[in-house]
Q: 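Quick one: the structure is below, and I'll ask about it shortly.
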Amino acid sequence: MSREEAERLFARNPYKLRYIRDIPPGETVSYYETGTWSDLCRGPHVPDTGWLAGVHLLGFSAITPEGREGTAPLQRIRGVGFPTEAALKEYLRLRAEAEARDHRALGQKLELFTFFDESPGFPALLPNGVIVLRELERFVREHLAEAGYAEVRTPLLWAQSVYETSGHWAHYQENMFLTVVDDRTFGWKPMNCPGSMLIFRARARSYRELPLRYAEFAPLHRKEASGTLHGLTRVREFVQDDAHLFVTEEQIEPEIRHLLDWIARAFSTFRLRWSYELSTRPADFLGEREVWDRAEATLERILKASGIDYRISPGEGAFYGPKIDIHIRDSLGRPWQTGTIQLDYQMPLRFGLQYQGPDGQLHTPVVVHRVILGSFERFLGVLLEHTGGRLPPWLAPIQARVLPVTETHMPAARGLLDELRQDGLRVQLTGTEESLSKRVRLAEVERVPYLLVLGDKEVAGETVALRTRGSREAVVLTRPELRARLAERIRMRAFEP
RNA sequence: GCCACUGUAGCUCAGCGGCAGAGCGGCUGAUUCGUAAUCAGCAGGUCGGGGGUUCAAAUCCCUCCAGUGGCUCCA
């Protein structure tokens, strides 16, 4: 139907008129009729609702029309329809399965983390959760060492003036926690960048120091709106595998290409699927349009040169620069941003950063802000959903459990426990008060990657029966074989036990 | 923050104006067991907090807090 016709038909509906206006000039304005029902819609529609045998309502919620708060909310009712009841049942089964992988439920069952009503949005990490986060940090730090980073630690609170310089005061204040000390206003840092800028500026810098790479794993605080909080994936306090690279114009491309390589390597280790987005200049931006255009073009050129498929997210850049964002999805398919590479010409200028070049002149460096896994908390949340809590052995809080069949096998079990502890494994020994079947079941429920059973046969033959997570069969190995095998799987950061 | 919904034992949930329950977990005892739950007993609760209606409130109403699903926003 023509645009004019549509506008006439929906003349009394301001929302529909707005949709019609938003349809780009070249595209067709489509309109559907199903029985007595008619509507403006991008479509397609089923020709007849009789085609839908299995119908299920998923829920309803308010949506804010025109993307503005304060406007009258509309109610959205969401549901799904399938040609057959069986297809609907299958869909609901898959959905229930996905819900069972919810990281919030797994976090509680596996005693990884918890939340207190008295501190909404601030995760409390239990002993098991700390083990996993420490291993993730170790994984990242190994790379930092290889790639020539230095690690810094800067203050959690900065005076207002620092944020005025960085631009956060004008562009990010509503997301910040503020504290008044001795009549001065301090802000809890929402990002690490100001601290790194100040360290760079703390003394004279030479071009010989560049690229200068400062990593920082400090807790960040962001006052997220209460309704947006979500388990570990959206919190008010978190730690990122953050770093700031101070580079010359020529060093931008090799540095970013190296980062893209590392992203692929890092995410492959977890068998995650990820996607790239190029986020461009937002409405609320710092600096000159030309500088932004150049920065966006640089990122786009590097993406193309690296043969990477990406989507463009117009206006989604940070207030100080465009960025390449990495997204991964949770068990219900909701996308979460993890890694990001941001090209920043603004903060170096605003902080007055300079280095002396080979020409003897002072130059302003460019800063690349980058995180790979993003927030460790969010990453753990998505990883739990991705694995259903079956973390790779190198991340598992309990890597192995020794199960003596009866009390008489206890001495041998203790010996094995000691040996594996010597090897650096996180290993436990169960008592024999519970039946072996029950202990095997518990270990599966707790997602322990390796079960080591010792009975008469094993003790006599100085062997161990190894049952790996998810397998119903046991393999008999000698102790040296077992130790070598476990150590190797963990050392290589194998995804499966 | 906005709209809707939900908060009962450590966990999962039943009860929905008339005596606060189950399973799992915990504790105690018995059982010593060969790869996904051995048996028995016991303990455990200001029914999220506060206020109201009622002879009587876990149950009805108001309010605050927290959570869930979306929306807006974002690592």
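Computed from heavy atoms alone, side chains included, the values below leave out hydrogens, waters and symmetry copies. Chain letters run A, B, ... following the sequence lines, proteins first and then strands; every chain starts at 1.
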Q: Can you list everything that forms a side chain to side chain contact (heavy atoms under 4.5 Å, CB included) with S306(A)? Sequence neighbours excluded, please.
A: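 In terms of side chain to side chain contact (heavy atoms under 4.5 Å, CB included), with neighbours along the sequence ignored, S306(A) is linked to R257(A), L260(A), I302(A), I308(A).
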Q: Could you pull out all residues at least two apart from P282(A) that satisfy side chain to side chain contact (heavy atoms under 4.5 Å, CB included)?
A: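 Counting only residues at least two positions away or on another chain, P282(A) forms a side chain to side chain contact (heavy atoms under 4.5 Å, CB included) with F285(A), W292(A).
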Q: Donor-acceptor pairs under 3.5 angstrom involving side-chain atoms of residues 120-140 of chain A: please list them, not counting sequence neighbours.
A:
from    : atom 1 : to      : atom 2 : distance (Å)
N128(A) : ND2    : L110(A) : O      : 3.0
R134(A) : NH1    : E137(A) : OE1    : 3.3
R134(A) : NH1    : E137(A) : OE2    : 3.2
E135(A) : OE1    : R138(A) : NE     : 3.4
E135(A) : OE1    : R138(A) : NH2    : 3.0
E135(A) : OE2    : R138(A) : NH2    : 3.3
E135(A) : OE2    : R426(A) : NH1    : 2.7
E137(A) : OE1    : R141(A) : NH1    : 3.3

Q: Could I get the full list of side chain to side chain contact (heavy atoms under 4.5 Å, CB included) partners for E458(A), not counting sequence neighbours?
A: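 Counting only residues at least two positions away or on another chain, E458(A) forms a side chain to side chain contact (heavy atoms under 4.5 Å, CB included) with L454(A), T463(A), A465(A).
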Q: If you look only at pairs with a residue in residues 437-448 of chain A, which of them pass as a side-chain hydrogen bond (donor to acceptor under 3.5 Å, both in side chains), with sequence neighbours excluded?
A: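 Non-adjacent pairs meeting side-chain hydrogen bond (donor to acceptor under 3.5 Å, both in side chains): R401(A)-E446(A), T430(A)-R439(A).
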Q: Is T338(A) touching bases, backbone alone, or none of the nucleic acid, heavy atoms closer than 4.0 Å?
A: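 Counting heavy atoms under 4.0 Å across all strands, the contact made by T338(A) is with sugar-phosphate only.
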Q: Give E224(A) one of three labels, base, sugar-phosphate or nothing, depending on what nucleic acid heavy atoms sit under 4.0 Å from its own.
A: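 Counting heavy atoms under 4.0 Å across all strands, the contact made by E224(A) includes a base.
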Q: Show each protein N/O and nucleotides 38-45 of chain B N/O combination with a separation under 3.5 Å, one pair to a line.
A:
from    : atom 1 : to      : atom 2 : distance (Å)
rU38(B) : OP2    : S435(A) : OG     : 2.9

Q: Output the rounded distance in Å from CZ (R378(A)) to C1' (rA75(B)).
A: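 About 4 Å, once rounded to whole Å.
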Q: In whole Å, I'd like the distance from the CG atom of D102(A) to the C1' atom of rC11(B).
A: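 In whole Å, rC11(B) C1' lies 15 Å from D102(A) CG.
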Q: Checking base pairs now: Watson-Crick or wobble, both atom distances under 3.5 Å. What partners rG25(B)?
A: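 Because no pair has both required distances under 3.5 Å, rG25(B) counts as unpaired.
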Q: Mapping R222(A) and S119(A) onto RNA chain B by nearest heavy atom, which one lands closer to the 5' end?
A: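 Its nearest nucleotide being more 5', the pick is S119(A).
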Q: Round to a whole Å and report the spacing from NE2 of H103(A) to P of rG67(B).
A: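 Distance check: H103(A) NE2 to rG67(B) P gives 13 Å.
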